[in-house]
Amino acid sequence: MRDGVLLMIPGPVEVSPAVAEAAAAPPPSHLAPDFIADFGAALADMRTVWGASGDAQPVVVPGSGTLAMELALTNLLSPGDRAVVVVTGYFGDRMIEMLRRRGVEVTAVRCGAGEIPPLAEVARALEQASPKALFATHVDTSTGVRVDVEALAGLARAHEVLSVFDGVCSVGGERFEMSAWGADVMLTASQKALGVPPGLALLVVGPRALQARETLAVPPPLSIDVEAWGPIFQAYEAGTGRYFSTPATSLVRALRASLREIVTEGVERRIGRHQQVAEGFRAAWREMGLALLPANGAFAADTLSAVRFPEGIGPELVGAIRDQGVVVAGGLYPGLERTYFRVGHMGPVVGWPEALERTVRAVGNGLLALGHTVDVDGAVAAAEPHFRA
Ligand SMILES: *Cc1c(COP(=O)(O)O)cnc(C)c1O
């Protein structure tokens, strides 16, 4: 953790000492033997974290979560294809914008802020549009809402539609079983629950999606073509490097360090810890009389909290919390930006109870500084048993 401020936004997040060290070391050659070993191990560990089978292809390219979204859709869909998008916030709308730019015909399934659309509505859209692919955001970072990926993937399968999930705010922090649930693509970025600095786009592409790329009418841009990159990743996993375009070697090293920590702890345990910590934060918010943006606790994400400002308080709270040494984020949902704030609780910080308590205290003291009465010690006491579980 850095001295001074604690970074508790929904990405980038605090990274572990081993990850920081790997990222800061002099950049290795992409063909150095120890780099080849690290990259190969990272790709193999991705399958474990994603719950993916051996015939799924892990993909790691330099870039952002947004690039990962673009990579997914341009490798699956050509202009004129149809897609259904479940929109639970800001990032679903971004997916629609990208699909439209690709010339894809989009049917959106929408809901109110903090809600999720009923499954029956998604089923109806699949029946009416008969699309090639279904897209959904696992955790929409603008609302803190989590959709039921298992149910959506099952629904897509039943309709013989490919399913693609934006897991930028979920992979490594929320339960996901790629092959057991029959999902076709799960994408993320390095700087969220995986606990790596920003700069890597990461996906696991299942066998049906790989087949869709093979038969695609209009190929994707070369720099994000799964067919161009596939043999490279396969070479790294086989222990021999191969060049197509330079990997972000320092970040791949950092990824390797992070995935090692996650797999060593155990994916299930790591996910369970996110759940515990989220319960702790929810207990703290309750104790302080703060309401969540998600309309129902059953679909409130475990990786972040989207918390409504109490009566008489506005976005100035974010600055007041910052004055307490903790950085949180403002709202992001169009039209509601000034009504709530967001606290990220994902990555290695879920194992650092002091940092979590410090965050609760900073929010409470920030509220006090603005003249809003809350019981800060009570909130910490409510959260602490979850943080230390
Ligand atoms: C952060 C985020 C993105 C965008 O990732 P960038 O790296 O900022 O481009 C996309 N989807 C979700 C759900 C996110 O949380």
Side-chain angles (χ1 to χ4, degrees), residues 5-14 63-70 85-100 108-117 135-147 165-174 187-194 198 201 274 278 281-282 285 290-297 299-310 313-322 326-347 349 359 362-363 366-367:
V5 298
L6 175 66
L7 191 56
M8 296 296 285
I9 61 176
V13 302
E14 294 287 345
S64 61
T66 304
L67 185 90
M69 293 162 76
E70 203 130 57
V85 182
V86 176
V87 183
T88 47
Y90 179 91
F91 289 105
D93 280 315
R94 172 168 296 179
M95 189 61 94
I96 289 178
E97 168 70 15
M98 290 175 153
L99 285 161
R100 294 215 164 114
V109 183
R110 295 182 175 278
C111 57
E115 306 272 353
I116 52 172
F135 291 80
T137 313
H138 191 180
V139 168
D140 199 294
T141 323
S142 72
T143 57
V145 157
R146 175 185 56 227
V147 300
F165 297 99
D166 171 353
V168 179
C169 200
S170 73
V171 172
E174 300 276 359
L187 65 94
T188 191
S190 48
Q191 77 274 20
K192 308 232 177 151
L194 291 180
H274 278 82
F281 275 107
R282 288 192 278 265
W285 310 140
L290 302 174
L292 291 181
L293 185 63
N296 189 323
F299 49 77
D302 290 336
T303 48
L304 83 156
S305 292
V307 188
R308 293 181 191 275
F309 294 127
I313 301 287
E316 67 278 9
L317 179 61
V318 173
I321 297 168
R322 172 67 183 75
V326 176
V327 183
V328 300
L332 186 62
Y333 191 91
L336 295 182
E337 295 94 337
R338 298 179 63 79
T339 65
Y340 71 104
F341 67 106
R342 297 173 300 146
V343 178
H345 31 79
M346 61 184 132
V349 78
T359 303
V363 172
L367 284 164

Distance-only, no hydrogens or angles: does the [X] side chain make a donor-acceptor pair with backbone N or O of [Y] under 3.5 Å?
X	Y	result
Arg342	Gly330	yes
Glu337	Gly335	yes
His345	Ser305	yes
Thr188	Gly167	yes
Tyr340	Leu332	yes
Asp140	Phe91	yes
His274	Gly347	yes

Short N-O contact, Asp93 and Arg110, less than 4.0 angstrom: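 Salt bridge present between Asp93 and Arg110.
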
Just wondering, do [Y] and [X] contact through their side chains at under 4.5 Å, heavy atoms?
X	Y	answer
Ser170	Arg146	no
Val145	Glu115	no
Trp285	Val343	yes
Val307	Val328	no
Ser142	Thr88	no
Phe135	Leu99	yes
Arg282	Leu292	yes

Between Phe341 and Phe309, what is the ring plane arrangement, given parallel below 30°, perpendicular above 60°, and tilted in between? parallel

